Protein chains: 2
Amino acid sequence: MQTISAYQDTARTSPMLSGRVQMAGGLDLPGFVMDFARNEEVFGEEEPADFVYQVVSGAVRSTRILSDGRRQVGAFYLPGDVFGLELGETHRFCAEAVANSKVALIRRTAIDRLAERDSAAARQFWALTSQDLQRLQDHMVLLGRKSALERVATFLVKMAERAPSRDGVDLPMSRTDIADYLGLTIETVSRTFSQLERDQVIALPSSRHVVLRDRRGLAELDA
Amino acid sequence: MQTISAYQDTARTSPMLSGRVQMAGGLDLPGFVMDFARNEEVFGEEEPADFVYQVVSGAVRSTRILSDGRRQVGAFYLPGDVFGLELGETHRFCAEAVANSKVALIRRTAIDRLAERDSAAARQFWALTSQDLQRLQDHMVLLGRKSALERVATFLVKMAERAPSRDGVDLPMSRTDIADYLGLTIETVSRTFSQLERDQVIALPSSRHVVLRDRRGLAELDA
DNA sequence: CGTTGCATTGAAATCCCTCAAGCGAGGTGG
DNA sequence: CCACCTCGCTTGAGGGATTTCAATGCAACG
């Protein structure tokens with residue numbers, strides 16, 4: 001999909017474009033687009049939340065790190081998804097590019113001003129937060145109560161809905177990202193993929209491309 | 001704390017009082033109070049979300065059930081906490097009284113009308129959703145990456161902050177509720193409590209009352 | 001063609017779960 | 001008032017799912 005080099009991990013971001021950003025609900029806001037290299041930080045935890053972000057291309061992950069280095073990925077954001085919208089002054093998680101990505105930035109002041117005078121727009125912003133909440137509620141059940149097999153199956157079903165390719169899913173993220181998202185280890189994720197392949201539920205032409213051979217069977221595993 | 005009888009589990013709710021309900025952020029809304037018996041449902045998943053709720057006394061849990069009966073408790077709501085605020089038409093989780101409780105009900109129509117014309121109020125409602133999201137983000141890390149000991153320690157620290165009693169915490173919920181909240185089994189929760197008691201970190205004068213003997217040690221376990 | 005980073009696989013260990021029994025407080029009924 | 005029941009909680013023993021540790025495979029890149 002994308003060529004990857006060591007240089008890109010440290011490439012500087014650069015403003016790309018100034019103009020309007022179209023968001024869900026017919027919102028149209030002034031913004032600009034920036035490039036982020038794979039693994040580059042879009043914003044850090046505790047940083048001032050001066051912007052709201054929308055993925056244009058590529059993918060972004062939100063992460064939380066525990067003091068001893070354990071990591072939890074909270075969500076993957078795909079093209080069209082909005083992230084980093086906060087009510088408070090600071091971001092409450094870290095956002096990093098999963099692959100080389102283009103991200104639109106919208107100033108918080110523009111958001112706040114619009115929400116102030118347009119109650120329909122305010123409702124749209126509230127809806128964005130509410131969507132995140134809903135997604136997290138589902139994810140909480142997965143983390144609290146599902147087996148490794150169910151977690152991976154759920155992940156594949158959801159990804160196939162969100163980012164369908166011709167005959168399956170193209171995963172922009174590494175096994176480590178998936179593991180940290182599903183509350184598993186990289187080895188367990190890999191073994192589970194292999195098991196699903198042995199059981200003819202999926203095919204793995206390459207590690208990042210999954211062909212769903214038995215969607216029925218996969219859906220049954222997705223408790 | 002509260003006397004419990006089999007009758008109370010099936011007691012009907014009854015309107016108690018009509019008047020104003022004070023919410024966070026200086027919001028004042030028309031509402032009324034109802035009694036809920038222990039384990040009584042406040043609202044069910046998929047039910048129309050015609051009301052927003054605030055705990056007056058007692059405690060409420062939000063739950064999600066998987067098809068095979070596995071349960072995940074999403075949150076415990078204590079006096080003052082608002083729950084059940086939705087943007088969509090229906091509730092996305094079930095809410096039940098953990099103990100005999102009084103709950104204030106506010107009509108959604110009143111909320112919507114206020115949010116429509118008062119942008120400061122709209123921001124307050126958004127803030128409530130945002131708070132829930134923040135709490136869930138923390139909980140997600142717990143479910144995805146923490147050990148049983150860390151989960152219980154975190155739970156006790158948080159409960160002690162939210163519902164302090166003279167020398168510790170009064171837990172309104174059962175071991176089963178705690179287990180389903182922490183993504184563990186009731187036995188593991190019980191064993192972990194016992195271990196913390198053996199290690200002189202807590203004392204358990206009764207199963208529902210926890211004395212925090214070593215808050216420092218507890219905080220260290222709370223990764 | 002060696003290096004590097006990511007992914008897969010195997011073997012052993014561990015943490016937590018499952019199954020099962022026992023305990024204690026509170027309520028009921030004889 | 002005491003025996004008995006129920007329900008929630010605790011404790012033990014054994015097992016299993018996932019992690020940990022370690023080695024190998026593989027593709028991209030220089």
Side-chain angles (χ1 to χ4, degrees), chain A residues 1-10 37-39 68-72 98-100 142-153 171-180 182-198 202-210 221 223, chain B residues 1-10 38-39 68-71 98-100 142-153 171-180 182-198 202-210 221 223:
Chain A
M1 308 192 300
Q2 272 166 327
T3 56
I4 286 157
S5 84
Y7 293 129
Q8 289 174 323
D9 281 20
T10 51
R38 190 169 68 101
N39 292 330
D68 65 352
R70 280 175 290 180
R71 192 180 75 147
Q72 178 67 39
V98 163
N100 295 343
L142 179 146
L143 292 174
R145 287 292 175 231
K146 291 191 184 178
S147 70
L149 187 59
E150 290 168 336
R151 292 182 201 205
V152 171
L171 300 175
M173 69 292 283
S174 68
R175 294 289 186 269
T176 303
D177 284 335
I178 299 172
D180 286 347
L182 299 179
L184 300 170
T185 59
I186 173 177
E187 293 95 333
T188 299
V189 171
S190 183
R191 275 187 260 267
T192 307
F193 272 78
S194 300
Q195 184 192 333
L196 288 170
E197 192 178 27
R198 268 198 311 279
I202 63 171
L204 282 167
S206 81
S207 69
R208 300 288 183 101
H209 185 76
V210 183
L221 290 173
Chain B
M1 308 190 301
Q2 270 165 330
T3 55
I4 287 155
S5 85
Y7 292 129
Q8 290 174 321
D9 282 18
T10 52
R38 191 169 67 102
N39 292 331
D68 64 353
R70 280 174 290 180
R71 191 179 76 145
V98 162
N100 296 342
L142 180 146
L143 293 174
R145 286 292 174 231
K146 290 191 185 178
S147 70
L149 186 59
E150 289 168 337
R151 292 181 201 206
V152 171
L171 301 175
M173 69 291 284
S174 68
R175 294 289 188 268
T176 303
D177 284 335
I178 299 172
D180 286 347
L182 298 180
L184 301 169
T185 59
I186 173 178
E187 294 95 332
T188 299
V189 171
S190 184
R191 274 187 260 267
T192 306
F193 271 80
S194 299
Q195 184 192 332
L196 288 170
E197 193 178 27
R198 267 198 311 280
I202 63 171
L204 283 166
S206 82
S207 68
R208 300 288 184 102
H209 185 75
V210 183
L221 290 173

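Reckoned from all heavy atoms, side chains included, excluding hydrogens, waters and symmetry mates. Chain letters run A, B, ... following the sequence lines, proteins first, then strands; residues in each count from 1. In this text, all values refer to a predicted model and were calculated from it rather than measured experimentally.
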Are any of the side-chain heavy atoms of [X] and [Y] separated by less than 4.5 Å?
X	Y	value
Leu149(A)	Leu196(A)	yes
Pro172(B)	Arg208(B)	no
Arg151(A)	Thr192(A)	no

Can you give me the bend angle of the helix from dC1(C)-dG30(D) to dG30(C)-dC1(D)? Use the axis through the first five pairs and the one through the last five, nearest 10 degrees.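 Computed from the C1' atoms at both ends, the axes differ by 20°.
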Nearest 0.5 Å, please: how far is [atom2] in [Y] from [atom1] in [X]?
X	Y	atom1	atom2	value
Arg191(B)	Thr185(B)	CZ	OG1	7.0 Å
Ser174(B)	Arg38(B)	OG	CZ	8.0 Å
Ile178(B)	Phe193(B)	CD1	CZ	4.5 Å
Thr176(B)	Arg71(B)	OG1	CZ	7.0 Å

Whole angstrom is fine here: how far is it from [atom1] in [X] over to [atom2] in [N]?
X	N	atom1	atom2	answer
Ile202(A)	dT8(C)	CD1	C1'	13 Å
His209(A)	dC6(C)	NE2	C1'	19 Å
Arg175(A)	dT9(C)	CZ	C1'	14 Å
Arg38(B)	dC7(D)	CZ	P	10 Å
Phe193(B)	dT11(D)	CZ	P	12 Å
Ile178(A)	dA7(C)	CD1	P	8 Å
Arg151(B)	dC15(C)	CZ	C1'	11 Å
Arg70(A)	dT19(D)	CZ	C1'	13 Å

Distance-only, no hydrogens or angles: does the [X] side chain make a donor-acceptor pair with backbone N or O of [Y] under 3.5 Å?
X	Y	result
Asn100(A)	Ala37(A)	no
Glu150(B)	Ala223(B)	no
Arg145(B)	Leu184(A)	yes
Arg175(A)	Glu187(A)	no
Ser190(A)	Ile186(A)	no

Over all strands shown, is Ser194(B) touching base, sugar-phosphate only, or nothing at heavy-atom distances under 4.0 angstrom?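 Sugar-phosphate: the residue Ser194(B), judged by heavy atoms under 4.0 Å, touches backbone atoms but no base.
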Base, sugar-phosphate alone, or nothing: which one does Ser174(A) contact when heavy atoms must sit under 4.0 Å apart?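 Sugar-phosphate, backbone atoms only, no base.
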Provide a list of protein-nucleic acid N or O atom pairs under 3.5 angstrom, restricted to nucleotides 16-18 of chain D.
{"from": "dT18(D)", "atom 1": "OP1", "to": "Ala148(A)", "atom 2": "N", "distance (Å)": "2.7"}

N/O to N/O distances under 3.5 Å, protein versus nucleotides 13-15 of chain D:
none

Nucleotide nearest Glu187(A) (side chain, heavy atoms from C-beta), chosen from dG12(D), dC9(D), dA22(D):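 Looking only at side-chain atoms, Glu187(A) lies closest to dA22(D).
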Can you tell me if Arg208(A) touches the phosphate of dC6(C), counting only side-chain N or O atoms and a distance under 4.0 Å to OP1 or OP2?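 Result: no.
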